Amino acid sequence: MDSKIFRRRSLLLTRKLRRFMQIFLLLGFAGIVPAFSEEPGAVNRQGFYLGIDSSAFLCLNLGYAWNYPGVNPGGASWGGYGMLRLPLLLAAAEGSADSFEIAAGITADFPVKDSFHLSYGLELGVMRHDDTLGLAVPVLVSLDLMPVLRYETWYCGIATRITAAAATYIRHSDTVKEAFLDLSGGDGKPIEASPVDGWYGLTGLSIDGGIAYGRELGDHLEFSVNTGIALKPSPCAGLFDAMMTGQIPFYLETGCFYSP
Amino acid sequence: MKRAGVIVAGTLALLFLAGCLNSSGPGNLVPATVDENPGLPRVIITVAGHSRGVHCRTFGNPSAPVLFVIHGSLSDMRAYLPLQILSDRYYVVMWDLRGNGLSERVTRNELTFEAMVEEIRCMKEMFSPDDPVTLLGHSWSAAFLALYLGTWPEDVRQAVLMEPPGLCGEFMNQSGQALNLFTTGYMDMMYKKSYLTALNHELLDFDMLAVLKSSVRDFHCDSASPPPWPVWRPGGFALIVWESAVLDGTEFRYDFTDNLEAFPREVLFVGSSCSPIGYDFQEKTNMTVFSKARILRLENCGHRIITEKLDELVSGLRDYLLEY
């Protein structure tokens, strides 16, 4: 089969979808699935994103995505992906890659009218992070919504994502345990206390909103850019970002996919 | 069948989430405050229209002259407890500022600089209503003491300011405090933002425990190995409110120097060699706004003076304090 012809047909979102596999390499802080991930016909695609945000943080993302052939209720294109996210600079600074995230998700792209589509994504991720405060194993749930205009060789949309750390297992370090020592009551008697290890509910919440743009460059390359604001819905957290660095919690990632 | 599986899985997930620990539960992530643990020593003060409990300890003879020892930001009285050694001549009073340490957490409106001055006045009225007090502050609390000196000079017998930040924006913009974004501690904090948002005071104060070890702000002689700083519970929200109040974009814009030149008594500054707001900075800036000031210089020392050079500090304080 001529993959180029098939790819162009698939852009019209025909009901017959073929199984294909994509492997993409993402360098970026965000785990937003490339908007072409649901596109069939491109076999073994590889790509990368380079991203930066207002905290000057970089993340290496390795992903693998596929489409489900024949699974297209409502005329939608459905896809799935798995991803490994590594905090690159943190791993380099610590000399180890023991902090990471594994995520898996599904995507659905629904044509609405003409070139206007609604793309959805649902992602479940598990992280591991070991730092001064102890070991944390968060379980993250993310929902993506992108109203998007799709044309034959490019797309442009408003990318939104809400991410909740639904539950986080925390095993406290000695640093935290020391904060509970030497407490005494009004009578001078010591107060015994210690932090509680276990699963904590809803430890994090963030909302990203921005613009996504992608374009094919010839037969083998696709370019994309995604930029916006990362909001933390808490009066404490937003100011924390301002205190540390940056006044506007932005994110920016650019990427390029190659398919042979 | 598939739908039933989804329903069962969803129900189990909800039950699991319902059984999780609450991050704002007292004593889960960080120690409980005085309003959550009535066994802690406390006093009640009314500031900015609100009655709040503050974690308070006293040392020495209540009939001796009163000395207030007030902690700096992201801290509480714990690191300052060794200064109870001054209780041989003074009635030493230490407390965690509202919104900090084990004192009650408060709203943003209660953390204005005027409210911090009012808090000191409340404590003065409580512990030494008839006589002036001696004040010792460090870092941000030293800045509050400066405000207090300008507002209530007659209340103050002597004042020790340990490395206050610049007492006006013009001074602070000279301090050259660059953030070190490449420390492991900073990168850990940024990575943690993806799952730990400051949704409540407990999560924020918990996260701030990591800031104390991160060396993002380099106030130390050896940033790779900062000196210890024992804390029960940092007041994250308080620091954020104070810092955002003095920043206009990326520039400092504020003035705490009003009426300081008129303070008639000698003020003791304490400065270190390694801190960007150490003795060089203090001599060139803050000391110039007082008519009478001298400085205690501590060599091979950073901002965490008490855990680094306690003996030299105490010796210098005894040289200055009138009761010695």
Side-chain angles (χ1 to χ4, degrees), chain A residues 29 53 55-57 59 87 89-90 93-94 99 101 127 129 131-133 136 138 140 163 165-168 170 172 175-176 178-189 191 193-196 198-206 232-237 239-245 247, chain B residues 13 16-23 25 27-32 37 39-42 78 81 102 108 179 181-201 203-204 206-207 209-210 213-214 216 230-233 236-237 239-241 243-244 247 249-250:
Chain A
F29 77 98
D53 66 2
S55 61
F57 196 76
C59 196
L89 293 181
L90 181 60
E94 292 181 339
S99 295
E101 179 185 353
M127 288 177 71
H129 185 207
D131 75 336
T132 305
L133 301 183
L140 304 175
T163 301
T168 300
I170 297 176
H172 294 94
T175 296
V176 178
E178 282 165 10
F180 285 74
L181 300 177
D182 303 326
L183 291 167
S184 59
D187 54 4
K189 289 183 181 172
I191 294 175
S194 60
V196 181
W199 284 96
Y200 285 81
L202 192 60
T203 60
L205 188 65
S206 65
K232 303 286 190 290
S234 156
C236 298
L239 285 173
F240 180 68
D241 286 328
M243 182 184 86
M244 298 304 294
T245 58
Q247 303 297 307
Chain B
F16 171 75
L17 288 175
C20 283
L21 293 162
N22 188 346
S23 60
N28 285 347
L29 290 175
V30 286
N37 182 357
L40 290 167
R42 67 173 178 170
R78 188 177 180 187
L81 290 175
L102 304 183
R108 178 198 295 266
L179 296 177
L181 303 184
F182 294 99
T183 65
T184 306
Y186 173 74
M187 284 188 268
D188 270 323
M189 285 161 51
M190 292 302 107
Y191 191 56
K192 197 186 305 175
K193 286 199 311 180
S194 54
Y195 65 87
L196 201 144
T197 314
L199 299 173
N200 50 52
H201 286 289
L203 282 167
L204 180 58
F206 177 69
D207 203 11
L209 285 172
K213 299 243 177 188
S214 70
V216 174
V231 167
W232 286 306
R233 182 168 168 175
F237 186 60
L239 175 63
I240 290 170
V241 170
E243 294 220 343
S244 62
L247 275 169
T250 55

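Within every chain, numbering begins at 1; the chains are lettered A, B, ... in the order of the sequence lines, protein sequences first and strands thereafter. Fair warning: this is a prediction, and the values are worked out from it, not measured in the lab.
- Heavy-atom minimum distance, B/R78 versus A/D182: NH2-OD2, 3.0 Å.
- Both the backbone and the side chain of A/A166 come within less than 4.5 Å of a heavy atom in chain B.
- B/F206 has its side chain within reach of A/V176: a pair of non-hydrogen atoms, C-beta onward, lies under 4.5 Å apart.
- Heavy-atom distances place the backbone of B/N22, and not its side chain, under 4.5 Å from chain A.
- The shortest distance between side-chain heavy atoms of B/S194 and A/M127 falls below 4.5 Å.
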Determine, step by step, whether A/T163 and B/Y195 satisfy the side chain to side chain contact (heavy atoms under 4.5 Å, CB included) criterion, reporting the C-alpha distance in whole Å, the side-chain angles of both residues, the deciding distance to 0.1 Å, and the verdict. CA-CA 9 Å; A/T163 301; B/Y195 65 87; over 6 Å; no
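- The residue among A/G204, A/G185, A/A179 with the most heavy atom pairs within less than 4.5 Å of chain B is A/A179.
- In plain terms, the two heavy atoms of A/V196 and B/G27 that are nearest each other are CG2-O, 4.1 Å.
- Looking only at heavy-atom pairs under 4.5 Å with chain B, the residue among A/G188, A/A167, A/P138 that has the most is A/P138.
- The side chain to side chain donor-acceptor pair (under 3.5 Å) search around A/S184 returns B/R57, not counting sequence neighbours.
- Both the backbone and the side chain of A/L202 come within contact range of chain B, judged by heavy atoms closer than 4.5 Å.
- Neither the backbone nor the side chain of A/D187 comes within contact range of chain B, judged by heavy atoms closer than 4.5 Å.
- A/I191 is listed as a side-chain neighbour of B/N37, based on a closest heavy-atom distance under 4.5 Å.
- Chosen from B/P31, B/S23, B/A13, B/G39, the residue pairing most often with chain A at heavy-atom distances under 4.5 Å is B/P31.
- Residues satisfying the side chain to side chain contact (heavy atoms under 4.5 Å, CB included) test with A/D131, not counting sequence neighbours, are A/H129, A/L133, B/D188, B/K192.
- Going from atom CG of B/L21 over to atom OG1 of A/T203 covers 11.5 Å, rounded to the nearest 0.5 Å.
- Outside the 6.0 Å centre-distance limit, the rings of B/W232 and A/F180 are not counted as a close aromatic pair.
- At a 4.5 Å heavy-atom cutoff, the contact between B/L102 and chain A is made by side-chain atoms alone.
- For chain A, the nearby part of B/L203 is the side chain; its heavy atoms alone come within less than 4.5 Å.
- Neither the backbone nor the side chain of B/R42 comes within less than 4.5 Å of any heavy atom of chain A.
- Using a distance-only test at 3.5 Å, with no hydrogens or angles considered, no donor-acceptor pair links the side chain of A/T132 to the main chain of B/A210.
- For the pair A/H172 and B/N28, the minimum side-chain heavy-atom distance is 4.5 Å or more.
- Expressed to the nearest 0.5 Å, how far SG of B/C20 lies from CH2 of A/W199 amounts to 7.5 Å.
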